[in-house]
Chemist: 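What follows is a single structure, and I will ask about it in a moment.
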Amino acid sequence: MLFVGTEPGDGLLRIGELSRRVGVSDHVLRAWERRYGLLKPVRSAGGFRLYSEADEGRVRRMQAHLAGGLSAAEAARAALGEDGAGTASAAGGSASVAVERHEGLADRASALALALDELDEPAAQAVFDRLLSDFTVETVLRDVVMPYLQELGERWQRGSVTVAQEHFASNLLRGRLASLARGWGHGHGPRAVLACPPGERHDLALLVFGIALNRNGWRVGYLGADTPLEELINTAVDTSADLVVVAAATPERFAGLTEDLTRLASIVPLALAGAGAAQTMALPVGTRLLTADPVTEAERLLPPANPHHDAPARQ
Amino acid sequence: MLFVGTEPGDGLLRIGELSRRVGVSDHVLRAWERRYGLLKPVRSAGGFRLYSEADEGRVRRMQAHLAGGLSAAEAARAALGEDGAGTASAAGGSASVAVERHEGLADRASALALALDELDEPAAQAVFDRLLSDFTVETVLRDVVMPYLQELGERWQRGSVTVAQEHFASNLLRGRLASLARGWGHGHGPRAVLACPPGERHDLALLVFGIALNRNGWRVGYLGADTPLEELINTAVDTSADLVVVAAATPERFAGLTEDLTRLASIVPLALAGAGAAQTMALPVGTRLLTADPVTEAERLLPPANPHHDAPARQ
Amino acid sequence: MLFVGTEPGDGLLRIGELSRRVGVSDHVLRAWERRYGLLKPVRSAGGFRLYSEADEGRVRRMQAHLAGGLSAAEAARAALGEDGAGTASAAGGSASVAVERHEGLADRASALALALDELDEPAAQAVFDRLLSDFTVETVLRDVVMPYLQELGERWQRGSVTVAQEHFASNLLRGRLASLARGWGHGHGPRAVLACPPGERHDLALLVFGIALNRNGWRVGYLGADTPLEELINTAVDTSADLVVVAAATPERFAGLTEDLTRLASIVPLALAGAGAAQTMALPVGTRLLTADPVTEAERLLPPANPHHDAPARQ
DNA sequence: ATAGGTTTTGTCAAGCTTTTGTACAT
DNA sequence: ATGTACAAAAGCTTGACAAAACCTAT
């Protein structure tokens with residue numbers, strides 16, 4: 001992908017604007033450049049200094065060190081020394097984590113987590129792009145997205161993630177997953193209908209499951225979060241679904257649904273999924289339980305035994 | 001009815017009557033005919049121009065375009081270009097030339113609505129593809145997506161849409177919108193942070209607004225539905241936002257937030273949007289109200305402090 | 001639906017109206033055009049500037065960047081840079097082929113063609129990224145990739161494309177297609193085996209076909225270019241394929257294969273595809289001919305609906 | 001920090017052309 | 001009714017100007 005790193009010709013600031021942004025007078029900025037080589041602005045045709053956002057970050061680090069008690073010379077040296085590492089700077093914005101070589105999945109996963117935590121949309125998108133370009137969709141979903149969602153949930157429980165972070169990450173991931181899901185109703189494979197029970201608003205894992213299912217040849221109909229079972233039953237019947245999957249993150253969401261689920265299971269093959277799906281619910285209903293990660297479960301799910309779509313039942 | 005050709009049946013008007021109806025002088029009507037071929041009246045035995053109702057419609061479209069700022073030549077071209085829906089041939093008729101141009105936006109919009117109502121994912125995606133391929137994003141958002149959302153909301157109120165339909169349409173549209181939103185945090189424009197207040201779960205219109213904003217050069221940070229104001233304030237400060245927009249579909253969502261919103265407005269430029277944003281809330285808070293459709297409002301939102309321009313106010 | 005200044009299509013604005021809409025004086029608009037090349041209005045017969053909606057958007061982005069603190073020159077560069085795939089502005093710059101942002105597929109397609117012709121890899125990748133992000137895979141393949149391949153072939157015939165260009169485009173497209181193809185052998189759908197006959201080295205269209213097939217629920221086994229029929233037969237038998245597709249760009253590639261193809265067709269459902277597949281070959285072999293574009297043909301290909309070779313006699 | 005020179009960028013003017021509503025003559 | 005003429009409004013180009021922002025050097 002592109003936008004990794006700031007290239008000249010991108011969006012350059014003149015000294016006045018930089019001064020305004022960082023709160024340092026233009027005279028001082030020039031002095032820091034002359035005395036410590038803190039900044040190396042390119043010049044316009046007419047000789048004006050043009051600063052990049054990396055320069056802005058450098059000034060901010062310099063200020064931090066000054067505030068920390070270092071002398072100007074020392075602060076500048078420290079700020080320069082930190083160059084090259086990833087940037088953080090909440091205010092600096094679009095600090096695109098520089099991912100260069102083929103790092104492993106683990107590095108990418110943490111880069112993604114970092115970018116999401118910092119609300120850095122461009123960086124997160126870039127990492128996601130690189131992930132998809134270097135790994136299979138299944139791998140990205142199973143080994144990056146799902147673990148991240150898992151951890152996000154746990155941090156949410158512990159209160160160690162802000163609402164803004166959770167919203168931001170969810171929205172971004174939902175967008176990427178939606179584009180992977182596009183067209184999943186297309187084709188001639190068996191049909192699955194997916195939904196979360198009433199009250200359940202976390203449907204990202206179900207989205208992942210749908211994508212994986214589709215990539216294994218299924219057509220997917222998606223009702224998503226917070227769906228009344230009555231609706232689900234109607235839809236399943238109307239579309240002559242070959243499989244219905246109901247997923248919830250907590251067992252409580254299934255509470256009180258035994259009767260409806262049993263009825264549903266008598267009409268169409270049913271499976272319960274998600275962390276909230278427990279044997280205690282699946283047994284009385286007499287249905288299948290999907291406990292492993294969504295991608296794995298999707299791969300395990302063979303098409304219906306006696307399909308009216310004459311799928312290639314062949315051993 | 002006796003003679004003299006203005007019978008409602010064939011509805012043929014002479015130039016004076018047409019002029020009176022549309023409020024355009026006969027001279028101008030003749031000029032438009034001569035210069036732009038806007039009208040092609042049949043002639044009476046004695047040579048009088050006889051206009052059909054289609055002609056009247058064409059004149060009215062021409063006027064609308066003139067009011068919209070197009071030059072006379074362009075307005076005429078546009079008015080003629082829209083021909084093809086209304087045929088109304090009086091004379092020889094027949095032939096019914098299948099005008100296969102672009103189907104109008106309206107046809108596409110109803111095709112989309114139909115596909116969504118029928119939970120037909122591939123069809124809906126295909127229509128959306130064609131929309132994006134034939135029209136600008138702004139047009140699609142303003143004239144297809146927003147009206148659809150509006151109507152969906154109304155049908156929802158009336159109970160004339162099932163939960164499955166609503167979920168399906170929302171999920172699909174959200175996916176497409178998310179794609180259009182990709183990368184909206186990138187760039188160098190001013191920063192806007194968007195969110196819905198606590199309890200508000202309908203954020204699609206806000207998504208549309210964010211996309212339109214981004215396409216006008218803004219960087220967008222998106223927190224989405226159901227966001228505590230405390231979080232919003234923190235995020236706005238951390239990212240040094242140039243604008244914060246809070247949107248809700250119903251006024252109740254703003255209830256009890258006066259104090260927080262006032263505080264927010266004192267920190268960063270604030271605007272309230274959505275059908276739920278009312279003057280009664282904006283006034284005490286002392287902030288801006290965005291009442292038109294999201295795309296238009298996004299275009300109107302010139303970035304903070306834009307002194308140059310003394311020209312007459314654009315309403 | 002109300003219009004008033006929102007008309008789509010070729011509604012072209014003169015400078016006064018544009019000025020009124022964006023709140024920038026006509027003088028400034030002309031200055032921005034002259035100094036930064038921000039706008040490239042078409043001209044009326046008499047020389048008046050006529051602006052499109054894309055121009056309006058560009059001005060708005062420019063304004064946003066100005067408000068964000070960039071100098072006018074930088075703001076213009078940024079606004080232009082956001083116009084889709086920028087251009088590798090290295091040395092002299094100039095030329096600056098501004099590709100309108102989000103205009104229809106057609107513009108994207110030509111942007112892609114341009115980038116490929118100029119061996120501009122980042123630009124081509126960026127255009128491809130946005131295509132996939134804004135449209136379904138089917139649309140991109142059918143309406144962008146296939147027409148491009150078609151045209152590339154024709155230009156190749158005419159000698160109006162260099163070897164370097166052809167290689168560059170082929171390799172880049174192959175890479176993107178390969179990533180779309182990833183995982184296409186997994187799942188539970190019917191199996192198709194695809195190959196080009198000996199001597200045929202153009203397999204990109206076949207790749208496209210495989211992708212479309214896979215997205216319709218098929219599992220794909222891909223042998224690709226220049227495959228001896230013997231090999232193909234073995235593979236088809238070993239994997240108990242439900243369908244074999246042989247594709248070639250020119251009829252000569254099929255010459256002399258009648259016997260082998262007939263034998264193959266007696267073992268497993270066979271189809272011939274590509275520009276080289278002609279009735280004259282399909283008839284004696286007694287097999288199906290796929291003449292439409294790959295995506296459409298893939299959609300038409302129902303899974304082994306016909307109860308022909310149901311039990312592939314294993315050796 | 002000030003002084004004195006340079007670049008950038010919004011604005012204006014003069015002189016001419018195009019567009020378009022209206023008027024006049026046939 | 002038609003065709004031509006006319007004039008106001010809106011645009012075009014070239015060239016120039018000046019305020020704001022920036023430069024270097026003291």
Side-chain angles (χ1 to χ4, degrees), chain A residues 12-20 25-31 33-35 39 41-51, chain B residues 14-16 18-19 22-39 41-51 59 62-63 65-66 69-77 305-312, chain C residues 12-20 22-39 41-51 59 62-63 65-67 69-77:
Chain A
L12 300 175
L13 308 172
R14 292 190 302 198
I15 201 167
E17 176 62 17
L18 179 61
S19 160
R20 214 165 300 124
S25 85
D26 53 347
H27 298 288
V28 171
L29 287 174
R30 280 190 279 256
E33 173 184 335
R34 181 169 12 101
R35 297 205 266 251
L39 301 167
V42 298
R43 299 295 183 118
S44 77
F48 285 14
R49 275 166 252 253
L50 297 177
Y51 299 93
Chain B
R14 290 195 308 198
I15 199 167
L18 178 62
S19 162
V22 298
V24 173
S25 86
D26 52 347
H27 298 286
V28 172
L29 288 175
R30 279 190 279 259
W32 285 353
E33 173 183 335
R34 178 171 15 101
R35 300 210 256 241
Y36 318 117
L38 181 72
L39 302 167
V42 297
R43 297 301 181 117
S44 75
F48 285 7
R49 275 167 248 255
L50 297 178
Y51 298 93
V59 173
M62 169 103 185
Q63 292 177 284
H65 285 126
L66 281 176
L70 293 192
S71 66
E74 282 299 322
R77 185 134 59 97
N306 195 9
H308 60 274
H309 178 232
D310 37 328
Chain C
L12 297 177
L13 309 172
R14 291 191 303 196
I15 201 168
E17 176 62 16
L18 179 62
S19 161
R20 215 163 300 125
V22 299
V24 173
S25 83
D26 54 347
H27 298 287
V28 172
L29 288 175
R30 280 190 280 256
W32 285 353
E33 173 184 335
R34 177 170 16 104
R35 301 210 255 242
Y36 317 118
L38 181 70
L39 301 167
V42 298
R43 299 295 184 119
S44 76
F48 283 15
R49 276 165 250 254
L50 297 177
Y51 299 93
V59 173
M62 168 106 185
Q63 291 177 283
H65 286 126
L66 280 177
L70 294 191
S71 66
E74 283 301 323
R77 180 133 35 124

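Quick note on labels: first sequence line is chain A, next is B, and so on, each numbered from 1. This one's a predicted model, so the numbers in the text were calculated from it and none came from an experiment.
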Chemist: So, OP1 or OP2 of D/dT6: does either fall under 4.0 Å of a side-chain N or O from A/R43?
Modeler: no
Chemist: Quick test: give all pairs of protein nitrogen or oxygen and nucleotides 19-26 of chain D nitrogen or oxygen below 3.5 Å, distance rounded to 0.1 Å.
Modeler:
from: D/dT19; atom 1: OP1; to: C/S44; atom 2: OG; distance (Å): 3.1
from: D/dT19; atom 1: OP1; to: C/G46; atom 2: N; distance (Å): 3.1
from: D/dT19; atom 1: O3'; to: C/R14; atom 2: NH1; distance (Å): 3.1
from: D/dT20; atom 1: OP1; to: B/A72; atom 2: N; distance (Å): 2.9
from: D/dT20; atom 1: OP1; to: B/A73; atom 2: N; distance (Å): 3.4
from: D/dT20; atom 1: OP2; to: B/Y36; atom 2: OH; distance (Å): 3.3
from: D/dG21; atom 1: OP2; to: B/W32; atom 2: NE1; distance (Å): 3.2
from: D/dG21; atom 1: N7; to: B/R35; atom 2: NH2; distance (Å): 2.4

Chemist: I'd like to check the salt bridge (charged side-chain N to carboxylate O under 4.0 Å, His left out) partners of B/R30; sequence neighbours left out, ordered by chain and number.
Modeler: B/D26
Chemist: List for me each residue that meets salt bridge (charged side-chain N to carboxylate O under 4.0 Å, His left out) alongside A/R20, sequence neighbours excluded, and say none if there are none.
Modeler: A/E17
Chemist: Could you give the OH-to-C1' distance, from A/Y51 to E/dC22, as a whole number of Å?
Modeler: 10 Å
Chemist: Please report the shortest heavy-atom distance between C/E74 and A/L50, naming the atom on each side.
Modeler: OE2-CD1, 4.1 Å
Chemist: Given that C/R49 and B/I15 both sit by DNA chain E, which one's nearest nucleotide is further toward the 5' end?
Modeler: B/I15
Chemist: Please give the angle, rounded to 10 degrees, between the axes at the start and the end of the helix from D/dA1-E/dT26 to D/dT26-E/dA1, where five pairs define each axis.
Modeler: 20°
Chemist: Under the rule for salt bridge (charged side-chain N to carboxylate O under 4.0 Å, His left out), what residues qualify as partners of C/R49, not counting sequence neighbours?
Modeler: C/E33
Chemist: For the residue pair B/V24 and B/S19, what are the closest heavy atoms and their distance?
Modeler: O-OG, 2.7 Å
Chemist: Using a heavy-atom cut-off of under 4.0 Å over every strand shown, decide if A/R20 touches base, sugar-phosphate, or nothing.
Modeler: nothing
Chemist: Once you round it to whole Å, what is the distance between P of E/dA21 and CG of A/L13?
Modeler: 15 Å
Chemist: Send over the distance from A/L29 CG to E/dC22 C1', rounded to a whole Å.
Modeler: 13 Å
Chemist: For the pair made of CG in C/L70 and P in E/dA21, what is the distance, rounded to whole Å?
Modeler: 15 Å
Chemist: Roughly how many Å is it from CZ in C/R77 to P in D/dT9, rounded to a whole number?
Modeler: 11 Å
Chemist: Nearest 0.5 Å, please: how far is CZ in A/R43 from CG in A/L12?
Modeler: 13.0 Å
Chemist: With sugar-phosphate meaning primed atoms plus P, OP1 and OP2, does A/R30 contact a base, only sugar-phosphate, or nothing at under 4.0 Å between heavy atoms?
Modeler: base
Chemist: Once rounded to the nearest 0.5 Å, what's the spacing between atom OG of C/S25 and atom CD1 of C/I15?
Modeler: 8.5 Å
Chemist: The criterion is side chain to side chain contact (heavy atoms under 4.5 Å, CB included); which residues satisfy it with C/A75, sequence neighbours excluded?
Modeler: C/M62, C/H65, C/L66, C/L70
Chemist: Please report, rounded to the nearest Å, how far the C1' atom of E/dC22 is from the CG atom of A/L18.
Modeler: 14 Å
Chemist: Could you tell me the separation between the CG atom of C/L50 and the C1' atom of E/dA10, rounded to a whole number of Å?
Modeler: 13 Å
Chemist: Any idea which heavy atoms bring C/F48 and C/R14 closest together, and the distance?
Modeler: CD2-CD, 3.7 Å
Chemist: Whole-Å distance between D/dT9 C1' and A/E17 CD?
Modeler: 16 Å
